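Read through the structure below, which is laid out as structure tokens, and then see the notes.
One is the number of the first residue; the rest follow in order along the sequence. Treat the numbers as computed from the prediction; the structure is a model and nothing was measured.
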Amino acid sequence: MDKENAPHIVFETERLLIRYSTEADWKLFDSLWNNGEVMRFVGFPLGLQQPVESIREQLANQTGDEYDRRLVVVLRQTGEELGECKLGSVDEEGL
């Protein structure tokens, strides 16, 4: 993949790359968000039950900065996409 079309890396560790998600990541988010075994840990034991088009639209319409975008966690060695994460910014109270 040429550099212009390469995913934007937000940060990296020795083992992981954390990059911005794009609409092209819809299959990963579908497999996570609609999986009850994954989502039960965040209060959705049946998954989010979102249609694919809704997931694609959410990923395509992200407009925030790095603190308001979904990120993809990638295993550096293999390129395997492991999951998602999201950064948060500190509020006025330091929380």
Side-chain angles (χ1 to χ4, degrees):
M1 178 178 295
D2 61 79
K3 187 172 183 169
E4 184 175 305
N5 293 315
H8 178 81
I9 304 298
V10 177
F11 68 93
E12 51 191 282
T13 70
E14 184 177 316
R15 295 181 53 230
L16 303 173
L17 299 173
I18 310 301
R19 65 170 177 78
Y20 288 137
S21 63
T22 68
E23 184 181 359
D25 294 310
W26 70 267
K27 287 182 184 178
L28 171 66
F29 284 85
D30 180 49
S31 73
L32 296 171
W33 291 356
N34 290 321
N35 182 328
E37 287 299 307
V38 172
M39 296 304 291
R40 70 186 174 105
F41 296 105
V42 291
F44 297 93
L46 301 177
L48 294 178
Q49 301 181 359
Q50 286 196 344
V52 168
E53 283 308 311
S54 173
I55 294 169
R56 291 181 76 153
E57 185 176 314
Q58 287 181 57
L59 294 173
N61 292 323
Q62 297 182 96
T63 58
D65 61 18
E66 67 267 18
Y67 296 113
D68 194 30
R69 291 187 54 130
R70 299 199 178 279
L71 306 172
V72 176
V73 180
V74 179
L75 187 59
R76 180 192 290 271
Q77 186 174 16
T78 65
E80 178 184 4
E81 295 168 339
L82 302 175
E84 70 159 311
C85 65
K86 193 169 182 182
L87 297 175
S89 58
V90 178
D91 64 17
E92 299 81 34
E93 297 175 15
L95 302 174

Please evaluate residues Ile55 and Glu53 with respect to the criterion side-chain contact (heavy atoms from CB on, under 4.5 Å), reporting the C-alpha separation (whole Å), side-chain torsions for both, the decisive distance (0.1 Å), and the verdict. CA-CA 5 Å; Ile55 294 169; Glu53 283 308 311; over 6 Å; no

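- Between Val10 and Leu87 the shortest side-chain heavy-atom distance falls below 4.5 Å.
- A donor-acceptor pair under 3.5 Å is formed between the side chain of Gln62 and the backbone N or O of Leu59.
- Here the side chain of Asp25 pairs a donor or acceptor atom with the backbone of Thr22 at under 3.5 angstrom.
- The number of heavy atoms from other shown groups lying within 6.0 Å of CD (Glu57) does not exceed 12.
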Donor-acceptor pairs are to be reported for all side-chain atoms of residues 73-81 against protein atoms at under 3.5 Å, with residues two or more places apart or in another chain.
from, atom 1, to, atom 2, distance (Å)
Arg76, NE, Thr13, O, 3.3
Arg76, NE, Glu14, O, 3.4
Arg76, NH1, Glu12, OE1, 3.1
Arg76, NH2, Glu12, OE1, 2.5
Arg76, NH2, Thr13, O, 2.9
Thr78, OG1, Glu80, N, 3.2
Glu81, OE2, Arg19, NH2, 2.7

Start with the C-alpha gap between Leu46 and Gln49, add the side-chain angles, then the distance that decides, and say whether side-chain contact (heavy atoms from CB on, under 4.5 Å) holds. CA-CA 7 Å; Leu46 301 177; Gln49 301 181 359; 3.4 Å; yes

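- Note that NZ of Lys27 is 14.0 Å distant from CG of Leu32, once rounded to the nearest 0.5 Å.
- Between Asn34 and Leu48, the shortest heavy-atom distance links the atoms OD1-C, 3.8 Å.
- Side-chain contact between Ile9 and Ile18 is absent, with no heavy-atom pair separated by less than 4.5 Å.
- Between the side chains of Ser21 and Glu84, no donor-acceptor pair is found at a separation under 3.5 Å.
- Evaluation of the salt bridge (charged side-chain N to carboxylate O under 4.0 Å, His left out) rule for Glu37 yields Arg40 as partners, not counting sequence neighbours.
- How far CD of Gln50 is from CE of Met39: 8.5 Å, rounded to the nearest 0.5 Å.
- Counting only residues at least two apart or in different chains, ring-ring contact (aromatic ring centres under 6.0 Å, His included) contacts with residues 32-56 comprise Phe29-Trp33.
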